[in-house]
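Structure first, then comments.
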Amino acid sequence: MSTFLGMPAAPPRSPYGTGHLRGDRTFPEAAHDELRNEQLRRNLGRATRTIRTKRLDVTGELPDWEQLRDAGSAIKTDTMNRLPELLEQLERKVTERGGTVHWARDGVEANEIVTRLIRATGSSDVIKVKSMATQEIGLNEHLEAAGITPYETDLAELIVQLADDKPSHILVPAIHRNRDEIRQIFLDEIPGVDPGLDNVPAHLAAAARAYLREKFMTTRVAVSGANFGIAETGTLTVVESEGNGRMCLTLPDTLITVMGIEKVLPRHQDLEVFLQLLPRSSTGERMNPYTSMWTGVTPGDGPQDFHLVLLDNGRTAALADAIGREALNCIRCSACLNVCPVYERTGGHAYGSTYPGPIGAVLTPQLAGMHAAKNDPNSSLPYASSLCGACFDACPVKIDIPSMLVELRHQHTEQSGTTAEKLAMKAAAGVMSRPRLFTAAQKAASLGRAVGGRDGTLPRLPAPFSGWSDSRDTAAPPKQSFRAWLSSAEGAETMRAAAEAGAGRTADTPEEDR
């Protein structure tokens, strides 16, 4: 007698239609509109150039910068290889220190857990900090539907929230807004703001500070994300630059942290590496102005009720991909966005996901899939790159984003069924594998010179090749193919002369140097 346990199933992706891991349009469609926004392009160009310059300055100061990158990459790779045991260790340590750990398979479960915990406190308001994971799962929208008002306390996140907008950058969510736009948002949305408010950055920050200070002092529940979770000690870490994180993490009675399972690190000592890599790669600073760490609950000090929600939401599916799992090494520094020529021109909204730029182009399809529906917008993300490799050079943990983009393109092609491109490639393979047919095709192609321009290029190619000529110059066919030239008297004479010249150089070279 034998028992059939069934075939192993692939880990689930993030549920279709939930959160913010899929846009409404493909990347080319969205980018086409974003490229028309000249203000956006000016804002992005100025901001990314500034951050790039600062980053190069502070990383150039360290003689061991490449060794730090190697160490960061090794630690994250080791973490992914041991992720289940490290997560269990983290749970034990958090529980030992008075915290409560919740496991969320996806964003739906995470939203329900957080909502239930907030309701249990009797509060109808919640302050938030460092909440990219909660943006991913659409927590704010879920809380509002449940009658709970969330308040973003990071200045850029606040701007995005007040404008009913979407983040466009991992580090600077409101990078697409200028000072005049922010001033108007504050005048329209912040109650009691001075009607004479101008666009001076210090004055705008003061207006936001006055608005948020009241929220900090009166709200009893906070929701945070986490940059790192230490399995060895159960310690959670948030790094930020405005002090709002410190307020959220110390003043409320209840703290709920939503952390992606990939954020765990094995040892407390590992922070030595990442607290050097992260600030230099993200803001171009030598260290973060505020680095907050907490371990469970400390009687009489800080929140007395701590909950850690460990979020999967497709991360196990990414971990199961032998190549794509490297995307989970990301520490959300945004260095790849700041060097990407595609992101600099289109901005983050074109990607349709909480995670824009090069890392978003590989991480989003890993978490949410590329074929969840017909013409899935996520299937266009791996093509949102020139494969220039700048993202790989900038990544502090050496994620090989270009190689993952190529692999995702391969996966997309394999899962797309019969397409015009596949048929064209199959036809080309059939022609090239038959010498006589290939020679005939070359002769036929040479007739294309008749429609070539004076610059030696062809006009727009017919479908299905028009997509190529729409964005590239297409050279007109030569008068004579290489094979025809090689078999001609001129070709034979040229090759003979080259062989004789090579033989002469060999004879003149000393034997020990050959």
Side-chain angles (χ1 to χ4, degrees), residues 26-29 31-32 323 341-342 361 365 370-371 374-376 379-390 392 400-509 514:
T26 65
F27 180 84
E29 292 170 339
H32 184 268
I323 297 176
V342 176
M370 295 187 290
H371 300 88
K374 185 177 181 180
N375 299 322
D376 190 333
S379 66
S380 66
L381 292 181
Y383 301 90
S385 170
S386 64
L387 300 179
C388 67
F392 182 33
D400 190 354
I401 294 177
S403 293
M404 284 192 290
L405 288 169
V406 172
E407 169 61 20
L408 286 171
R409 293 179 185 186
H410 168 71
Q411 293 179 14
H412 172 245
T413 301
E414 290 298 306
Q415 297 179 51
S416 295
T418 302
T419 63
E421 181 182 12
K422 278 189 176 181
L423 292 175
M425 292 298 104
K426 188 174 183 179
V431 171
M432 293 179 182
S433 62
R434 295 170 174 82
R436 291 183 179 178
L437 192 57
F438 186 47
T439 299
Q442 286 181 314
K443 291 180 179 179
S446 66
L447 300 177
R449 290 188 59 82
V451 295
R454 293 183 178 180
D455 59 353
T457 63
L458 296 176
R460 190 172 188 266
L461 296 176
F465 309 107
S466 55
W468 175 274
S469 57
D470 284 346
S471 56
R472 301 171 179 85
D473 289 335
T474 305
K479 293 180 180 180
Q480 188 180 37
S481 70
F482 175 78
R483 296 174 70 190
W485 173 84
L486 186 61
S487 61
S488 68
E490 178 188 359
E493 178 60 31
T494 302
M495 295 299 291
R496 186 164 45 253
E500 291 174 355
R505 285 195 296 271
T506 302
D508 294 338
T509 303
R514 293 180 188 175

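Note that the coordinates shown come from a computational prediction; the quantities given were computed from them, not determined experimentally. Just so it is clear, the values below take in all heavy atoms, side chains as well, and ignore hydrogens, waters and symmetry mates. Throughout, residue positions are numbered sequentially from 1 according to the sequence presented.
The shortest heavy-atom contact between Tyr383 and Thr413 is OH-OG1, 3.9 Å. The shortest heavy-atom contact between Ser386 and Val342 is N-CG2, 4.1 Å. Looking at every heavy atom in both residues, Gly430 comes nearest to Leu437 through O-CD2, 4.4 Å. Residues Ser379 and Met370 come closest through the heavy atom pair CB-O, 3.5 Å. Taking both residues in full, the closest heavy atoms of Leu381 and Ala361 are given as O-CB, 3.4 Å, listed atom of the first, atom of the second, then distance.
Glu493 meets the salt bridge (charged side-chain N to carboxylate O under 4.0 Å, His left out) test with Arg496; sequence neighbours excluded. Under the side chain to side chain donor-acceptor pair (under 3.5 Å) criterion, His371 pairs with Gln415, sequence neighbours left out.
Distance check, rounded to the nearest 0.5 Å: CZ of Phe392 to CE of Met404 gives 9.5 Å. Distance CD/Gln411 to CD1/Ile323: 7.5 Å, rounded to 0.5 Å. Note that the NE2 atom of His412 and the CG atom of Asp376 stand 8.5 Å from one another [nearest 0.5 Å].
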Could you go through the side chain to side chain contact (heavy atoms under 4.5 Å, CB included) check for Leu387 and Val406 one step at a time?
-> CA-CA 9 Å; Leu387 300 179; Val406 172; 4.0 Å; yes
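Considering only heavy atoms from C-beta on, Ser380 comes within 4.5 Å of Pro28 through its side chain.
Evaluation of the side-chain hydrogen bond (donor to acceptor under 3.5 Å, both in side chains) test over residues 429-438, restricted to residues two or more places apart or in two chains, returns none.
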